[in-house]
Amino acid sequence: MPELPEVEVVRAGLERHVVGATIALVDVLHERPVRRDPGGASGFAAALTGRRIEAARRRGKYLWLPLDNGDALLAHLGMSGQMLVQPAGAPPERHLRVRFALSFPPGSAPAGGVPAGELRFVDQRMFGGLSVSPGGADLPAEIAHIARDPLDPEFDDAAFVARVRRRTSGVKRLLLDQGLISGVGNIYADEALWRARLHGERPGDRLRPVQVRELLGHVRDVMTAALAQGGTSFDALYVNVNGQSGYFDRSLHAYGREGEACDRCGRPIRRVAFMNRSSYFCPGCQPVPRTRRRV
DNA sequence: CAGTCGCCCTGCTGGC
DNA sequence: TGCCAGCAGGGCGACT
């Protein structure tokens, strides 16, 4: 599942393969992925046709492509979304939802790459989506409420620490709060908490500043490590967002390891229900806080 | 406003 | 063999 590192791999791939291209044709094959666009499928297509892609940007798990008129194509991959760069005429993927035919002006094809034929949004479960953000080239208004992500040089560590310590929710819930810090999903939240030896139910206002700072450092470390491994996951024609490629499985210490021995203390990793999903933690290294609190 | 919960989607897996 | 519940889960609307 794409979290910040995977989305960054996609962004880098788009930067390399589609920046400079003009969108010649838009084909919406399924309405749901464009549900957030007020113009609907037809308005979405009309607003993008003929526009040139100027850049590829990201904040947290959101991606956007600034366009030559100041608008932007905003994208979220949800759980299963992929952005694929394919040669024109490649057979359609099973869950192909939106196609963009691309054309490059003579001499401006990406260096070292085959000129892109199509940008494709493929999404099995359709939690993801695309929309046109009017005037959103710099920062789409639709995501202005999302906090900066921990790899953003302008992320304010001190403000984050202060905000966490004013909240009564469990720290895992706070890590997943995109208004506090963006880009952290269930997997990296569990991994960062394991590294920090903190239980996710520890209330924010019961943490010392140094603990929050260390946790933030672990969030950055685990994401940076995953990103380094994710850099190899796509070739010249593919922007590969395949979450099953296994590149980060190897470095996981908690997530998905129910019953397996903790890499640090040997106690079996536990899984508990959390917000209609799961949390994984080591009961030895990450003791449950004494004050019971639902997270 | 902070906090919490349920829903949206599809496909795979496991139990009976 | 078939059926259905459970699970995966980010974000948002609705509620207290």
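Values reported hereafter were calculated over all heavy atoms of this structure, with side chains retained and with hydrogens, waters and symmetry mates removed. Chain letters run A, B, ... following the sequence lines, proteins first and then strands; every chain starts at 1.
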What nucleotide, of [options], holds the atom closest to the side chain of [X]?
X: A:R173; options: B:dG3, C:dG10, B:dT4; result: B:dT4
X: A:N276; options: B:dC7, B:dC8, B:dT10; result: B:dC7
X: A:R271; options: B:dC9, C:dA8, B:dG3; result: C:dA8
X: A:R167; options: B:dC9, B:dG3, C:dA8; result: B:dG3

The helix from B:dA2-C:dT16 to B:dC16-C:dG2: angle between end helix axes, five pairs per end, rounded to 10 degrees: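 Roughly 50° between the end axes, to the nearest 10°.
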
Sugar-phosphate, base or nothing in reach of A:R163, heavy atoms under 4.0 Å: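 Nothing, no heavy atom under 4.0 Å.
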
Sugar-phosphate only, base, or nothing, as touched by A:S278 at under 4.0 Å among non-hydrogen atoms: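 Answer is sugar-phosphate: A:S278 comes under 4.0 Å of backbone atoms only.
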
Could you tell me whether the phosphate oxygens of [N], OP1 or OP2, come under 4.0 Å of any side-chain nitrogen or oxygen in [X]?
X: A:S169; N: B:dT4; result: yes
X: A:T168; N: B:dG3; result: yes
X: A:Y188; N: C:dG10; result: no

Under a 3.5 Å threshold, yes or no: a donor from one side chain and an acceptor from the other, between [X] and [Y]?
X: A:D123; Y: A:S80; result: yes
X: A:E93; Y: A:Q82; result: no
X: A:S278; Y: A:R271; result: yes

Mutual orientation of the aromatic rings belonging to A:H253 and A:W194 [parallel < 30°, tilted 30-60°, perpendicular > 60°]: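 Because their plane-to-plane angle is under 30°, the rings of A:H253 and A:W194 count as parallel.
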
Member of A:K172, A:R277, A:E3 meeting the side-chain hydrogen bond (donor to acceptor under 3.5 Å, both in side chains) criterion with A:N186: A:K172

Hphob cluster co-occupancy, A:L102 + A:V28, side-chain heavy atoms under 4.5 angstrom: yes

Same apolar cluster: A:Y62 and A:I181, side chain cutoff 4.5 Å: no

Atom pair distance, as rounded to whole Å: [atom1] in [X] and [atom2] in [N]:
X: A:M79; N: B:dC7; atom1: CE; atom2: P; result: 18 Å
X: A:Q82; N: B:dT10; atom1: CD; atom2: P; result: 17 Å
X: A:R32; N: B:dT10; atom1: CZ; atom2: C1'; result: 11 Å
X: A:R97; N: B:dC9; atom1: CZ; atom2: P; result: 11 Å
X: A:I187; N: C:dC7; atom1: CD1; atom2: C1'; result: 14 Å
X: A:D123; N: B:dT10; atom1: CG; atom2: P; result: 10 Å
X: A:R125; N: C:dC7; atom1: CZ; atom2: P; result: 14 Å
X: A:F274; N: C:dC7; atom1: CZ; atom2: P; result: 16 Å

Heavy-atom neighbours of A:R270 CZ exceed 12 at 6.0 Å: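 Counting neighbours around CZ of A:R270, 12 or fewer heavy atoms of other residues, nucleotides or ligands fall under 6.0 Å, so no.
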
Residue A:R148 excluded, over 12 heavy atoms near CZ under 6.0 Å: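 Yes, the 6.0 Å shell around CZ holds more than 12 heavy atoms from other groups.
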
Produce the list of close N/O pairs, under 3.5 Å, pairing protein atoms with atoms of nucleotides 11-14 of chain C; give distances to one decimal.
unit_1 : atom_1 : unit_2 : atom_2 : d
C:dG11 : OP1    : A:H76  : NE2    : 2.6
C:dC12 : OP1    : A:Y62  : OH     : 2.8

Pairing of A:R35 and A:E31 as salt bridge, 4.0 angstrom limit: no

